[in-house]
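Heads up: numbering here begins at 1 and tracks the sequence. Below, all heavy atoms of this structure are taken into account, side chains as well, without hydrogens, waters or symmetry copies. Predicted model only: the values in this text are computed from it and were never measured.
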Amino acid sequence: YPGYPGLNLTYEVLEGIDKHRTDYDNSGSKLFKSRFPTLEAQLVNLADEIAYNTHDLDDGIKSNLLKIDMLKGLEICAPIYKMFEGAKPEILRYQIVRELINKFSTDLILRTTENIRELGIKSVENARKASIAAVSFSKKLAEEKNELKAFLFANLYKHYRVVRMESKHQRILEELFKVYLDRFEHNPGKKKYSILPREIWEKAKDESKEQVVCDHIASMTDRYALEEHKKLFEASEKV
């Protein structure tokens, strides 16, 4: 809004973002000294993980990258598979994903409740300074979850069709970055004109060209980036 340049986030939200953990980054910028963030932020970490794992499993089966009978070999899925074996494939898929979400959520609630009691957490500062993260899965379910993640990595994320898409999209981003940078300047005196709108290239007054281009690409949706690439690289596309 006019009185503030950007989102005026609370300390707790900034702390939660700073300490948000994924498999692909080492969270923590050292701006926040606490060992752990609030219970709410800890919960977001694991709620995200539940959503990603179950959603990716569902997508993998729907796209035929994964065969549903492959789940029989997973400790976390085998009992659910057996419970609904014989059902139509789409019903079986739905039930497996539904039961997994329920199993993860129930375990998370029960283990976290025990952790809060055992750690004596009665305030946000207690949660920040605790010896372990208060929000967690039980040891057994954490092991089963890791087996599921390893399965998804090997059979879905590194499936050759997915790797092909990753490679294609990487090239698209690299080509967008290069063409924007090559034609970034808008200097009529040198007969050089930008292919970016004024409101984009003028930002280079305060930041490097590379950073402005990175920020511009990062703001794109997948669909917009693909359409922009077509406009810039395919002669038949209108710009």
Side-chain angles (χ1 to χ4, degrees), residues 1-34 37-38 40-45 47-49 51-53 55-56 59-60 63 65 152-153 156-239:
Y1 53 89
Y4 193 87
L7 297 175
N8 189 11
L9 301 175
T10 65
Y11 177 93
E12 288 77 13
V13 172
L14 291 169
E15 177 191 50
I17 293 170
D18 184 65
K19 293 184 179 295
H20 187 69
R21 299 190 311 273
T22 74
D23 290 340
Y24 306 103
D25 65 70
N26 185 12
S27 61
S29 64
K30 298 182 180 178
L31 293 174
F32 300 87
K33 304 301 182 184
S34 56
T38 62
E40 291 88 346
Q42 292 181 44
L43 180 60
V44 168
N45 276 328
D48 274 359
E49 200 168 359
Y52 290 143
N53 289 337
H55 185 272
D56 289 351
D59 270 356
S63 62
L65 296 177
L152 289 171
F153 184 85
L156 179 61
Y157 307 143
K158 294 306 172 186
H159 190 286
Y160 81 92
R161 283 169 53 193
V162 175
V163 173
R164 282 184 177 185
M165 290 299 293
E166 285 179 354
S167 176
K168 179 165 67 173
H169 291 156
Q170 181 179 336
R171 287 196 302 275
I172 288 171
L173 293 177
E174 288 174 349
E175 288 171 359
L176 284 176
F177 180 83
K178 186 176 186 302
V179 73
Y180 284 150
L181 206 59
D182 287 347
R183 296 296 303 273
F184 184 88
E185 304 288 357
H186 194 80
N187 191 330
K190 293 184 178 180
K191 295 185 178 180
K192 194 170 185 180
Y193 303 94
S194 177
I195 62 172
L196 290 165
R198 175 182 289 272
E199 62 268 20
I200 302 297
W201 55 261
E202 279 194 336
K203 292 179 181 178
K205 294 175 183 177
D206 303 312
E207 297 180 280
S208 69
K209 294 184 294 184
E210 291 81 4
Q211 187 62 58
V212 172
V213 171
C214 281
D215 290 346
H216 180 54
I217 293 174
S219 73
M220 297 177 180
T221 62
D222 293 351
R223 186 184 298 277
Y224 182 81
L226 291 172
E227 290 173 352
E228 184 75 344
H229 188 270
K230 280 185 179 180
K231 289 176 182 177
L232 291 171
F233 289 93
E234 294 184 17
S236 60
E237 287 290 319
K238 292 182 179 180
V239 297

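Between the T38 side chain and the A41 main chain, a donor and an acceptor come within less than 3.5 Å of each other. The backbone N or O of V163 lies less than 3.5 Å from no partner atom in the side chain of S167, so there is not a single donor-acceptor pair. In terms of modelled atom types and a separation under 3.5 Å, the side chain of K209 and the main chain of W201 share no donor-acceptor contact. The main-chain N or O of L65 is never found under 3.5 Å from a side-chain atom of R161 such that the two would form a donor-acceptor pair. Checking side-chain atoms of N53 against main-chain N and O of E49 turns up a donor-acceptor pair under 3.5 Å.
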- request: Please step through side-chain contact (heavy atoms from CB on, under 4.5 Å) for the pair D59 and L156, ending with a clear verdict.
  value: CA-CA 9 Å; D59 270 356; L156 179 61; 5.8 Å; no
message: side-chain contact (heavy atoms from CB on, under 4.5 Å) for K230 and S236? Distances and angles first, verdict last.
response: CA-CA 9 Å; K230 280 185 179 180; S236 60; over 6 Å; no
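I200 has its side chain out of reach of V213: every pair of non-hydrogen atoms, C-beta onward, lies at least 4.5 Å apart. Counting heavy atoms from C-beta on, the side chains of P37 and E12 never come closer than 4.5 Å. Within the 4.5 Å cutoff, the side chain of F233 has no heavy atoms near those of the I172 side chain. Side-chain contact between S208 and Q211 is present, with heavy atoms from C-beta onward closer than 4.5 Å.
Around NE2 of H169, the count of heavy atoms belonging to other residues, nucleotides or ligands within 6.0 Å exceeds 12. Heavy-atom neighbours of D182 CG from other residues, nucleotides or ligands within 6.0 Å: above the threshold of 12. Within a 6.0 Å sphere centred on OH of Y52, heavy atoms belonging to other residues, nucleotides or ligands number 12 at most.
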